[in-house]
Amino acid sequence: MKSSHTKLFIPGPVEVSEKTFRAFCKPMVGHRGTSFQDLYASIAPQLQQLLYTKNPVFLSTSSAWGVMEAAIRNLVRPGKKVLCCMCGAFSDKWFDVATSNGLAAEKIQVEWGQPILPEMIEAKLKLGGFDAFTLIHNETSTGTMSPLADIAKVMRSFPETMFIVDSVSSMTGVKIEMDTLGLDVLLAGTQKAFALPPGLTVFAVSARAMERAKSVPNRGYYFDFVEFLKNHEKNMTPSTPSIGHINALQSKLEDIFAEGLDRRFARHMQMAQMTRKWAKDRGFEMFPKAGHESITLSCVANTRKVDVAAWIKRLKDRHQCIIDGGYGKLKGNTFRISHMGDETPETITALLGWLDETSQG
Ligand SMILES: Cc1ncc(COP(=O)(O)O)c(C=O)c1O
């Protein structure tokens, strides 16, 4: 299996370790029995530690979009609005998801590659009527990280507006202190820095957001936050979960805490710095505005106008691995190198060497 496998240095799904796969493939247990409850209870405190929260941490058998849609459906009351920050493909789409759910939505929109900045937010929220605010911490399509802590300071003045944060491609690679920052929903799919297979989303909801949800009609069934809480209290999920994912998550949490959170965050920063330096030394620029480059992936502007697709093909043919050739309208004009999850300075050094070796036809 390994010999024909193309190793993924794309920003999700990322490479999954053999240990994680072994855990994923453990025999099934009934999801309403004590074995499952023991499994669920065993990881709950570690998930809280990982998200720096006392809030319950829930597990949704869905990709991130399930919970991203759920967050606005659960938290926006009839007649109220959601304010969506848009700075790339995923954050732009969140606005469309809100309107497709019949919610009144407004935008804070910047060019792709620009971050969302705290000063953009206050004037808009002061207009009033916003029950929720959506932010993508790390916009994967552009490799841009918005300054979460500074934005959180602004959000403190708007307690009626629930602060929903997608940390899909930053959770576990970057320290995000949910309670200190005052986040109301924090979510991530597991196929990025968790380095699990896609299909599970980890999310936490603050007490005040849960109270809000109770007052919102038509929250739907599958993603009803109130149902998640009721089941969490019994160490269960509302419906049959992907038990394989939860076994894999237990195994991954072992790895994360064996390494230590601070060391894990430092490793991600080191890999980001190495990759940025490599790109600059080769005459490329970073695509995001300076100072806002992602720590888990590098989105490089193709300032040298190289044939990115041909480069990736050579990389794949000679070294059985791939990077990403640019997302959506950035295809060919950027390329993205993922350095998250189980990658190390050593594996990234090897990748950067292979990129050098294959840079010419
Ligand atoms: C920042 C961000 N948010 C949301 C999503 C959507 O995740 P999914 O397709 O797993 O639902 C992605 C996917 O890459 C992402 O990078």
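Residue numbers count from 1 along this sequence. Note: hydrogens, waters and symmetry copies are ignored here, and every other heavy atom, side chains too, is used. One-based numbering, in listed order, for ligands and for the atoms of each.
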Give the atom numbers and elements of ligand 1 that come within less than 4.0 Å of a heavy atom of Trp65.
6 (C), 8 (P), 9 (O), 11 (O)

Distance from atom 5 (C) of ligand 1 to nearest protein heavy atom, with residue and atom:
Phe90 CD2, 3.6 Å

Numbered in order shown, the ligand 1 atoms found under 4.0 Å of a heavy atom of Asn138 are 1 (C)

Salt-bridge contact Asp356-Arg282 (side-chain N to carboxylate O under 4.0 Å):
yes

Any Lys/Arg nitrogen of Lys81 or Glu106 sitting under 4.0 Å from an Asp/Glu carboxylate oxygen of the other?
yes

May I ask you to identify the nearest protein heavy atom to atom 3 (N) of ligand 1, giving residue, atom name and distance to one decimal place in Å?
Asp166 OD2, 2.6 Å

Evaluate the ring planes of Trp311 and Phe335, with Trp represented by its six-membered ring, and classify them as parallel (under 30°), tilted (30 to 60°) or perpendicular (over 60°).
perpendicular

Under 3.5 Å between any N/O of Ser63 and any N/O of ligand 1: does that happen in this structure?
yes

Phe265 vs Tyr52 aromatic rings, parallel, tilted or perpendicular, using cut-offs 30° and 60°?
tilted

Hey, what's the ring geometry for Phe36 with Tyr40, parallel, tilted or perpendicular (30° and 60° as the breaks)?
tilted

Check whether any N or O atom of Ala64, backbone or side chain, sits under 3.5 Å from an N or O atom of ligand 1, and answer yes or no.
yes

Strictly below 4.0 Å, N to O, side chains only: are Arg208 and Glu211 in salt-bridge contact?
no

I need the atoms of ligand 1 closer than 4.0 Å to a non-hydrogen atom of Lys192, numbered in the order shown.
13 (C), 14 (O), 16 (O)

Hey, does the side chain of Thr144 reach the backbone of His292 with a donor-acceptor pair shorter than 3.5 angstrom?
no

Can you check which of Gln191, Lys93, Glu69, Glu139 brings a heavy atom nearest to atom 10 (O) of ligand 1?
Gln191

Which of the ligand 1 atoms, numbered from 1, are nearer than 4.0 Å to a heavy atom of Thr140:
1 (C), 2 (C), 15 (C), 16 (O)

